[in-house]
Amino acid sequence: MGTSTDGDGTGTGAAGEKPPQEQGGLPVVSVVGPTAAGKSDLAVELALRLRASGRHSEIINADSMQLYRGMDIGTAKMPADERRGVEHHLLDIWEVTEPADVARFQRLARGIVDRLRAQDAVPVLVGGSGLYVRAVLDKLEFPGTDPQVRARLEAELAESGPEPLHARLAEHDPAAAEAILASNGRRIVRALEVIELTGRPFTATLPDHVSSYPSVQVALQVPRPELDERIELRVDRMWRAGLVEEVRALEEHGLSDGRTAPRALGYAQVLRFLRGECTEEEAREETVRATRRFARRQESWFRRDPRVHWLPYDAPDLVERALGLVEEGIAESAGNGSTQSRAQRATK
């Protein structure tokens, strides 16, 4: 079938449960980069090439909005018939009324990673949600939540809007305020909640890049003018494919009642149109502008990670170059495993 939805009961390997396999074994491959760069297609091609070489491989979604059931057109979710028989995990697992939960995603994704690696298969993580990618690959723990603190901050957000809260965040954690848009009330509230609960800056909860697994990270590089054009073309395709109708249908399932899904790119703008707050063309144009801004933030996020290998998205030998990096990572992991085995034998 090439599809796997993976509910909450998937495996172990989560923070607070069984720790991920930290040494040896096959690497976790991740295909990352800005939206509209072609990540999904490359991930499928890599998985197929690995299978053709005798190494089983499956794909794990790391796009936070593709986790939502029914959000297909606006998230550019790859249709089942285009997955070419490759199993895709962690798609369509949450209702649109559920809040995003990166810690929950971490538990699910690491369980799948550990199972695949134990079966001598290569997990291929694909998506542009940087925090979700790091949640799988790195030693990252997420502070809990306090319902009372969260409720108080959300009440302030509803009463005064995001700007005063963003100003407060800038006082306590300038780096976080610089990274979070002043209009993103949900992320501002979360950052202030973490600061209040931990007594530390929100950015302090995102440590340096320390891996939990051996990994090979491949990012697709698209020149800015070309990326801007690709984003506009993608938004136009989404509109022609029925994004407005998709949002209207999701409204019947409580989309506006959710805390995360209704803020997704495209969905937020269409909801404004459906409420009569703007014209349809204004919603489309704002989706293009917002997506371009988001793509720049994605690129900045992944550029900060020194482990990422950047490849031109339109290179004629893109798949071969990416596969070469993966094969190097497999060989290196095998060498490390042999070294560790020899060391263990020597101590017996």
Side-chain angles (χ1 to χ4, degrees), residues 2-3 27-50 57-68 71-84 86-92 105 109 112-113 122-137 215-224 226-235 237-238 264-266 291-305 307-326 329:
T3 302
V28 180
V29 176
S30 64
V31 180
V32 300
T35 189
K39 298 184 295 293
S40 297
D41 290 334
L42 177 58
V44 169
E45 192 62 43
L46 283 175
L48 289 172
R49 294 288 188 95
L50 286 166
S57 180
E58 299 180 9
I59 289 174
I60 303 171
N61 166 55
D63 181 316
S64 62
M65 292 301 118
Q66 291 191 9
L67 294 163
Y68 284 101
M71 292 176 63
D72 302 330
I73 297 172
T75 65
K77 192 179 295 174
M78 180 174 275
D81 60 354
E82 295 181 16
R83 299 173 196 170
R84 301 166 67 185
V86 177
E87 291 85 349
H88 281 61
H89 300 273
L90 299 184
L91 294 170
D92 304 316
F105 168 83
I112 298 167
V113 166
V122 179
V124 178
L125 196 66
V126 59
S129 300
L131 182 60
Y132 282 64
V133 174
R134 284 201 63 190
V136 179
L137 298 181
S215 66
V216 178
Q217 299 190 59
V218 178
L220 294 179
Q221 181 173 342
V222 187
R224 186 68 53 81
E226 294 180 43
L227 184 60
D228 285 349
E229 181 179 358
R230 288 170 67 88
I231 287 171
E232 184 161 14
L233 290 172
R234 170 177 278 191
V235 171
R237 285 197 301 270
M238 289 175 175
L265 290 169
T291 305
R292 286 172 174 169
R293 292 193 297 268
F294 176 63
R296 285 154 175 70
R297 294 199 304 275
Q298 286 177 301
E299 185 167 1
S300 297
W301 174 283
F302 292 114
R303 288 282 181 192
R304 291 195 294 267
D305 191 335
R307 301 166 299 181
V308 173
H309 302 272
W310 288 85
L311 299 177
Y313 84 105
D314 57 351
D317 58 348
L318 171 63
V319 176
E320 287 72 21
R321 291 169 68 175
L323 187 62
L325 291 169
V326 173

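What you are looking at is a predicted structure, and each value in this text was computed from that prediction instead of being measured.
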Go through it in stages, so that I can follow the logic: the residues are H88 and V44, the test is side-chain contact (heavy atoms from CB on, under 4.5 Å), and I'd like the CA-CA distance, side-chain angles, deciding distance and then a yes or no. CA-CA 9 Å; H88 281 61; V44 169; 3.9 Å; yes
Where do L42 and L318 land on the side-chain contact (heavy atoms from CB on, under 4.5 Å) test, with the steps shown first? CA-CA 8 Å; L42 177 58; L318 171 63; 4.3 Å; yes
Could you go step by step and tell me if L91 and D63 meet the side-chain contact (heavy atoms from CB on, under 4.5 Å) rule? CA-CA 9 Å; L91 294 170; D63 181 316; over 6 Å; no
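Annotation: side chain of Y68 is not in contact with side chain of T75 (no heavy-atom distance under 4.5 Å). Within the 4.5 Å cutoff, the side chain of L325 has heavy atoms near those of the L311 side chain. A heavy-atom distance below 4.5 Å is not found between the side chains of S129 and Q66. No side-chain heavy atom of M238 sits under 4.5 Å from any side-chain heavy atom of L265. Residues E58 and I112 fail the side-chain proximity criterion, which asks for heavy atoms closer than 4.5 Å. Annotation: side chain of R49 is not in contact with side chain of V326 (no heavy-atom distance under 4.5 Å).
Scanning all heavy atoms of the two residues, the minimum distance from V216 to G329 falls at CG2-CA, 3.8 Å. Contact record, V133 with G127: CG2-O, 4.0 Å, taken as the closest heavy-atom pair. Taking each heavy atom of L90 and F105 in turn, the nearest pair found is CD1-CE1, 3.6 Å. Across every non-hydrogen atom of W310 and L220, the tightest pair is CZ3-O, 3.5 Å. For R292 against E229, the heavy-atom pair with the smallest separation is NH2-N, 4.5 Å. Across V136 and A109, no two heavy atoms sit closer than the pair CG2-CB, 3.5 Å.
Separating the NZ atom in K39 from the OH atom in Y313 is a distance of 13.5 Å, to the nearest 0.5 Å. Annotation: the span from S57 atom OG to E87 atom CD amounts to 9.0 Å, rounded to 0.5 Å. Taking OG from S40 and CD1 from I59, the interatomic distance works out to 8.0 Å, rounded to the nearest 0.5 Å. A distance of 11.0 Å separates NE2 of H89 from CG of N61, quoted to the nearest 0.5 Å. Expressed to the nearest 0.5 Å, how far CG of L227 lies from CD of E232 amounts to 12.0 Å. With values rounded to the nearest 0.5 angstrom, E45 atom CD is found 10.5 Å from L50 atom CG.
Under a 4.0 Å N-O distance rule, the pair R303/E299 qualifies as a salt bridge. Using a cut-off of 4.0 Å between Lys/Arg side-chain N and Asp/Glu carboxylate O, R84 and D41 are scored as not salt-bridged.
R297 meets the salt bridge (Lys or Arg N to Asp or Glu O under 4.0 Å) test with no other residue; sequence neighbours excluded.
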Distance-only criterion, 3.5 Å: show the donor-acceptor pairs between side-chain atoms of residues 27-38 and protein atoms not counting sequence neighbours.
| unit_1 | atom_1 | unit_2 | atom_2 | d |
| --- | --- | --- | --- | --- |
| T35 | OG1 | R234 | NH1 | 3.2 |

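Shown here is E82, whose CD atom has more than 12 heavy atoms of other residues, nucleotides or ligands within 6.0 Å.
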